[in-house]
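Reading through the structure tokens given below for one structure.
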Amino acid sequence: MNDLEKSEDQLSTDLVVITEEIRSYQRQAGQSIWEIGKRIAQVKNNDLAHGQFMPWLESIGMNTSVAERFMKIADVLEESDTYQSLGYQALYLIATLPEDERHQEHELASGEVKEPTDMTVRELQEVKRQLKAAESNNQQLQAEIDSRPEKVVEKAPADYEDLKEIAQYATQREKNLNGRIDDLKQKLEDAEADSASAKELQRQIDNLGNTKRKEEAKVIAIRDFAELKTKVETLLEMVAPVVFSADLAQFSANDPVIDNLSQTIGQIEQWASEMRELMPKGEFMEGEIVSD
């Protein structure tokens, strides 16, 4: 078995032998690209040129760019009949495609659909541009997704069911009042005009109308305060970590940051104090639903 027939694991470590092998393969076609690539890698990876790799490449009539391409082809692509008819430029372009794209069909600008092994160098360059543009678009889209603020999902307050029950209670009272008013209006139609009975019925209708408007306002207020409570609880969850943070220790009492924070806390305390003053005093007593 001569040196040209050695397997990849049996490559010579003699620079003179490798040089002669490469020159021999340069006079051949087909598998010579792989054999040359293997031997260039052998010299480079084992420093057989003793720091003179580039001058050695010049001695065999090859520049660094071409040598890198030969090594890439030999490292990435398997030697097979599929590749034997292709030049090193086409082989290099295929070797630098993503692995899962090397055997896929691609649609070209001309409308033709081809696999990389059936393409010209220009067509392979077109496919690489397409893939690079697609990757760039995907990265840009991912960056836009990552930069979007996280959607805050408002959760129901702990006493949501209680608030819901109160709102349902007020709504039911409103419905009952509507029923009472309708009944009184029917009786009013049956009563004699300007009679004492008619006047009394009208008075009751007016009173129930006022009560109904109060109940309507109460239902709206319940919903508003439930929303307010949720927002306040969300805010408290957001600022809670500050209590355990060491950030405040970085400032002195005279720092503007502390002054601004103190003003904000004062505004919150003032709001809380005013709300407490506005709240009804005394014990809460549950009423009964008005019914016939």
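Note that the structure is predicted; figures quoted are calculated from it, not measured. Numbers here are sequence positions counted from 1.
Not a single donor-acceptor pair under 3.5 Å links the side chain of S136 to the backbone N or O of K132. Side chain of N63 to main chain of A67: no donor-acceptor pair is present (N/O by atom type, distance under 3.5 Å, no hydrogens or angles). With N46 contributing its side chain and Q42 its backbone, the two residues share a donor-acceptor pair below 3.5 Å. Under the 3.5 Å distance criterion, the side-chain polar atoms of W34 are left unmatched by any main-chain donor or acceptor of D75. Looking only at distances, no side-chain donor or acceptor of R39 sits under 3.5 Å from a matching main-chain atom of L11.
Salt-bridge check for R122 with E126: failed, with every basic side-chain N at 4.0 Å or more from each acidic carboxylate O. Ion pair K38/E79 flagged as a salt bridge, since at least one NZ, NE, NH1 or NH2 atom sits closer than 4.0 Å to an Asp/Glu carboxylate oxygen. Salt bridge status for E123 with K114: present, with a side-chain N to carboxylate O gap under 4.0 Å.
Among residue pairs with one or both ends in residues 269-279, those qualifying as side chain to side chain donor-acceptor pair (under 3.5 Å) are Q270-E274; sequence neighbours excluded.
The line from CD of E101 to CD of E115 is 11.5 Å long, rounded to the nearest 0.5 Å. We find the CG-CG distance between L48 and L15 to be 6.5 Å, quoted to the nearest 0.5 Å. Distance CD/E21 to OG/S32: 13.0 Å, rounded to 0.5 Å. Between the CG atom in L124 and the OH atom in Y92 there is a gap of 13.0 Å [rounded to 0.5 Å]. In this structure, the separation between OG1 on T64 and CE on M71 is 8.5 Å, given to the nearest 0.5 Å. Note: E105 CD to E107 CD = 10.5 Å, rounded to the nearest 0.5 Å.
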Step by step, would you call E68 with K44 a salt bridge (Lys or Arg N to Asp or Glu O under 4.0 Å)? CA-CA 10 Å; E68 292 291 341; K44 182 177 182 181; 2.9 Å; yes

Worked verdict on H106 versus Q104 for side chain to side chain contact (heavy atoms under 4.5 Å, CB included): CA-CA 6 Å; H106 299 271; Q104 297 289 333; 4.0 Å; yes

Using the rule given for side chain to side chain contact (heavy atoms under 4.5 Å, CB included), can you reason through F53 versus D47, listing the C-alpha separation, both sets of side-chain angles and the distance that settles it, and then say yes or no? CA-CA 8 Å; F53 180 68; D47 193 24; 6.0 Å; no

Might you work through the side chain to side chain contact (heavy atoms under 4.5 Å, CB included) test for Y83 and I33, ending with a clear yes or no? CA-CA 10 Å; Y83 297 125; I33 293 175; over 6 Å; no

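Of all non-hydrogen atoms in L91 and L86, the two that sit nearest each other are CD1-O, 3.7 Å. Between L77 and R102, the closest heavy-atom pair is CD2-CD, 4.2 Å.
Counting heavy-atom neighbours within 6.0 Å of E99 CD, excluding the residue itself, gives a total of 12 or less.
Looking at Q263 and Q267, their side chains never bring a donor and an acceptor atom within 3.5 Å of each other. With hydrogens and angles left out, the side-chain atoms of K72 and T96 include no donor and acceptor closer than 3.5 Å.
Just one residue in the list V17, V43, I36 forms a side-chain contact (heavy atoms from CB on, under 4.5 Å) with I22, and that residue is I36.
Residues passing the ring pair (Phe, Tyr, Trp, His ring centres under 6.0 Å) test with Y88 are F70, sequence neighbours excluded.
Under the 4.5 Å side-chain criterion, counting only non-hydrogen atoms from C-beta, L108 is in contact with V127. With a 4.5 Å cut-off on side-chain heavy atoms, P98 and L131 count as touching.
Linking Ile, Leu, Val, Met, Phe, Trp and Tyr whenever their side-chain heavy atoms come within less than 4.5 Å leaves I40 and M54 in two separate clusters.
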